[in-house]
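Please read the structure below before turning to the comments.
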Amino acid sequence: MMDLHAHSLYSDGSSTAAEIVRIAKERELSLCAITDHDCIDGVEEAIREGQKIAMPVLSGIELDIENECELHLLGYGFDYHNPALLAELKHQANERQARNEKIVEQLEALDIPIEVRRDTRGKLVSRTHLADAIVRAGKADNIQDAFAKYLGPTGLVRIERKRLRMEEAIQLIHQAGGLAVLAHPGFIKLHPKETIAELIEAGLDGIEAYYAMHSASQIVDFCDIAEANNLMITTGSDYHGEFRKYARFGHVAKLAALDSRIREAEEQLLSMMKIQIKTMSLCSEKGA
Ligand code: AMP
Ligand code: MN
Ligand code: MN
Ligand code: MN
């Protein structure tokens, strides 16, 4: 039973990375990963907690990809000291920050004062935090409503930021020794088949077919696509703690565990974890 999709307070979740690993242990998962948005600040904390309580943890990330509608790529088992990866994430953090400043300016012009409330351990401010501030300013009923009225595709304030192209993102994960998995393919509303084909062409390794918000028929369809293209099938809940109360960590893990194809993927990922542990002890020996 694995759950490979969770956000900690280093991006737009509310739990620490170590807390999520402890929840994984409590729910008797066999493998987990923290996949913060364009950020790996919680990865080492998660892996260390995993070693302490004997809970297998893979390094993880969720990258935003340039596309006409929402497209996210999950990366697993990469070396989280990789210089090219660290440099790109720094660049993405600057892009997000510059975009946030423009959004806040426009919201304030609409008479919505924005006061971001955020756990100080996290550096990244995401639209989730801005949505939370809109709710507290009394201009939306809840986070979803703030996206519908202001920050989402139909909202009043839409400011693009530069994201990675799919080839760049897959290459970035691969050159750091990791695997690239398409997150929540059910969210691709425009040209899903063509988009998945392009990703496969670019070197995609897997599909998150078992996703908490996928319907049973979506799960079957995405598993079929994965199988036909020799891709790994993974599972994730997209846990965000208090910022997405309906997403329970480990939610689809039990259902997915009944599928023998997911156990194959799990074995492959667990063997990556062994490599990851070796790299980590090499790095700490070198004092890196
Ligand atoms: P950012 O990466 O800063 O643009 O923030 C995007 C985050 O906002 C995503 O990771 C989601 O967690 C959240 N989000 C995006 N769209 C919606 C929506 N319609 N309702 C609720 N949360 C959303
Ligand atoms: Mn999020
Ligand atoms: Mn996502
Ligand atoms: Mn996510």
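Just so it is clear, the values below take in all heavy atoms, side chains as well, and ignore hydrogens, waters and symmetry mates. Along the sequence shown, the residues carry numbers beginning at 1. Order of appearance sets the numbers: ligands from 1, and atoms from 1 within every ligand.
Taking the six-membered ring where the residue is Trp, H240 and H37 present tilted rings, their angle falling between 30° and 60°.
Side-chain contact between L179 and L269 is present, with heavy atoms from C-beta onward closer than 4.5 Å.
Only one option out of Y239, F187, F222 pairs with Y211 in a ring-ring contact (aromatic ring centres under 6.0 Å, His included); it is F187.
Looking only at N/O/S atoms, E62 comes nearest to the Mn ion (ligand 3) through OE2. For the Mn ion (ligand 4), the nearest N, O or S atom contributed by D238 is named OD1. Within H7, NE2 is the N, O or S atom that lies nearest to the Mn ion (ligand 4). Minimum-distance N/O/S atom of H72 relative to the Mn ion (ligand 3): ND1.
Centred on the Mn ion (ligand 2), the OD2 atom of D12 and the NE2 atom of H37 lie at an angle of 100°, reported to 10°.
Using a 4.0 Å cut-off between charged nitrogen and carboxylate oxygen, D3 and R27 do not count as a salt-bridge pair. Here K52 pairs with E49 in a salt bridge; the nearest charged N to carboxylate O distance falls below 4.0 Å.
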